[in-house]
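Worksheet for the structure shown next.
First the proteins, then the strands, lettered A, B, ... as listed; each starts at 1.
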Amino acid sequence: MENSDIKKLFNYDITNEKSIIERAKLLKGKSLNEILVSSPLSKQIINTANKGRVGNLIEKHWFGIDNNNLSEPDFKEVGIELKVSPIKEMKSNILAVKERTKICRINYQTLVNEEWSESHAKSKLNKILFIFYKHDFNKDNWETQEILNFRLWSLSSDELIISSEWFKTKDQVISGFAHTLSERNYQVLAPCTSGTGKNIAQPNTCNQALAKERSFALKQPFINFLWDTLNDSNVYESIKDNLDLSSNDNLELQVLSMINNFSGKTINDIAKLTNAPILSSKNAVRSVIMKLLGFKNESSKIKEFSQLGIQIKVIPIDTKNKTLFESISFPAIKFKDFAHESWKDSGLSLDLNKILFIPVSRNKLLNRDIKERVLEKAFFWNPSITQEKLIKKEWLTYQNIVKQGVKIDKKPQNSKKGYVEVTSLPKESSTEIIHMRTHARDSDDRDVDQFGTSIVKHSFWLNKKFVNKLIKNSLNS
DNA sequence: GAGTGATCATGG
DNA sequence: CCATGATCACTC
């Protein structure tokens, strides 16, 4: 279609950034069906099996751009690439980006000769117009999915980390190890498997090893940060600014050394040294740590941790044995959603992406006072390849049971209701790393599964024994 | 005292 | 009020 035709039919100037943004603004609140209905083009049957369907629909029926597989940006005159990103409801009231955003396919043969400034990836990354829509996994509701918001993002602010990860991928391909690439070794721009999953040839390999087909993708936490700051950017503070760091490379080490400088001290001592108030709430310890890390507001979110998908867990341990009192919980799942999730995009997979554990010890019997608790040695953890495989296996076991329908028996016991509900879900003792367990206000705080069965709210927990091993390893290292 | 389902308590 | 971090409490 000619640009002049686009102007006539779609009422905006495809060669002008402002005009494109004005057009994008009108998308807010519209359902996919409304977009189709308002389209000046003839409708076609949408193939709901096509993963690019939402993007294609918006490109074609809202912006008048023909679907293509050219390697130039969608709005080529202004160098803007259009990406749609599904938003899912993680827990009530909290909306988050569902998955990574694919940028472009990696061509191993040509990548090795590319320069960053002229690369295929950079041409797609320079400027991206993200369009966020509310995802519905039920295909029958496909057309009612609604556009929530949009954001124009420029590479410049994050080019350092993104280009360095592009080079990291390139270097590995140059050295003939494209077959050992893994998304897990990257923080923002990652080579993730894509396409049909088949294995293809790579240059420079010495044993003819085939590599999986991959694409560059911006990882979920990074996109989620862009989404989250649309709504309220004030809740974030930068830890790099607070600690005066120059790059992401040593972020973790710097954070650790900052915290571990104070290990062995009581919360009271630390609060005094950092001029932090001690709150009466359960996150009192966390608040003190935030002050220690230089945060002005102890309830701020940490910008870089959000972008990199790192979360902090302050974990109570016993002074003597340095072991957990309890397993560690994550937010409650929603049974209906859990039955439909894929492991990679699951809530748990994101929660386990990377964790900063901050153990705080107390005497099991005597010491109830938060002030007297002692900061122990903090450490980062993310699942190793072996651990992740096991976690995924255990997660799938739970998912399969939920898919079939959880069985619930009432067993008499001396509780409020006179019985406890025993489910067919595996217990902690029969798993190694994670288990599922009730997580509710009380036994009337319930969820409903896809069969209409009422069940007490549950969440995933990290097994006590497993985390105890992590603590031990950290103390011995 | 480990294991497991139930429940408390705070702050947003 | 509700989600969640934290912990309780009953049974074996």
Side-chain angles (χ1 to χ4, degrees), chain A residues 89-96 228 231-232 234-235 267 277-290 297-301 311-318 320-321 323-335 337-338 347-348 350-351 355-370 373 394 398 401 406-448 454-468:
Chain A
E89 194 173 326
M90 305 293 279
K91 30 206 144 161
S92 60
N93 296 329
I94 299 215
L95 296 174
D228 204 36
N231 307 312
D232 186 2
N234 296 327
V235 297
I267 297 303
I278 296 181
L279 309 174
S280 62
S281 57
K282 282 192 172 181
N283 58 8
V285 176
R286 188 198 163 100
S287 300
V288 171
I289 307 280
M290 291 294 278
N297 184 338
E298 65 273 2
S299 55
S300 289
K301 293 191 199 173
Q311 48 176 294
I312 298 178
K313 289 276 183 191
V314 175
I315 52 175
I317 65 173
D318 181 61
K320 244 192 201 157
N321 312 317
T323 54
L324 284 181
F325 292 111
E326 301 291 340
S327 306
I328 296 163
S329 68
F330 292 96
I333 60 148
K334 291 193 288 183
F335 278 91
D337 292 359
F338 175 50
L348 184 67
L350 291 172
D351 283 331
I355 298 176
L356 168 58
F357 284 111
I358 305 179
V360 173
S361 65
R362 67 163 209 258
N363 185 305
K364 194 174 186 175
L365 296 171
L366 304 174
N367 200 344
R368 314 296 301 173
D369 190 348
I370 286 173
R373 298 184 188 181
E394 295 181 338
Y398 283 102
I401 292 171
V406 180
K407 292 191 195 63
I408 305 172
D409 283 325
K410 290 178 181 171
K411 190 178 141 208
Q413 191 180 100
N414 187 8
S415 66
K416 268 189 182 171
K417 287 200 165 157
Y419 61 82
V420 292
E421 295 177 64
V422 180
T423 69
S424 53
L425 297 164
K427 320 289 177 216
E428 178 169 14
S429 56
S430 57
T431 66
E432 284 195 45
I433 304 186
I434 55 160
H435 67 284
M436 221 164 124
R437 179 175 185 178
T438 59
H439 195 177
R441 207 181 55 74
D442 57 31
S443 54
D444 291 324
D445 190 11
R446 305 179 79 86
D447 190 14
V448 177
S454 166
I455 182 165
V456 179
K457 284 182 186 166
H458 277 64
S459 69
F460 277 103
W461 300 62
L462 267 178
N463 290 9
K464 189 151 71 168
K465 274 186 192 165
F466 177 76
V467 180
N468 282 341

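Note that NZ of A:Lys457 is 7.0 Å distant from CG of A:Asp447, once rounded to the nearest 0.5 Å.
Residue contacts shown for A:Glu326 include a base, since a base heavy atom lies under 4.0 Å away.
For C:dA6, the OP1/OP2 oxygens have no side-chain nitrogen or oxygen of A:Arg286 closer than 4.0 Å. For A:Thr438 and B:dT4, the shortest distance from a side-chain N or O to OP1 or OP2 is not below 4.0 Å. Taking side-chain N and O atoms only, A:Lys427 has a distance below 4.0 Å to OP1 or OP2 of B:dG5. Of the side-chain N and O atoms in A:Ser443, one or more sit less than 4.0 angstrom from OP1 or OP2 of B:dT7. For A:Lys457, a side-chain nitrogen or oxygen approaches OP1 or OP2 of C:dA3 to under 4.0 Å.
In terms of position along DNA chain B, the nucleotide closest to A:Lys465 lies nearer the 5' end than the nucleotide closest to the other residue of the pair A:Asp442 and A:Lys465.
In this structure, A:Arg441 places its CZ atom 9 Å from C1' of C:dC1, rounding to the nearest Å. Rounded to whole Å, atom P of B:dA6 lies 11 Å from atom CZ of A:Arg437. Taking atom CD on A:Glu89 and atom P on C:dC2, their separation rounds to 15 Å, with Å as the unit.
Side chain of A:Asn463 to main chain of A:Phe466: no donor-acceptor pair is present (N/O by atom type, distance under 3.5 Å, no hydrogens or angles).
Comparing C:dT4, C:dT11, C:dT7 by their closest approach to the side chain of A:Ala332 singles out C:dT4. The side chain of A:Pro331 lies closest to C:dT4 when the candidates are C:dT11, B:dA6, C:dT4.
Ring centers of A:His435 and A:Tyr398: at least 6.0 Å apart, outside the cut-off.
The environment of NZ in A:Lys313 is crowded: more than 12 heavy-atom neighbours from other residues, nucleotides or ligands sit within 6.0 Å.
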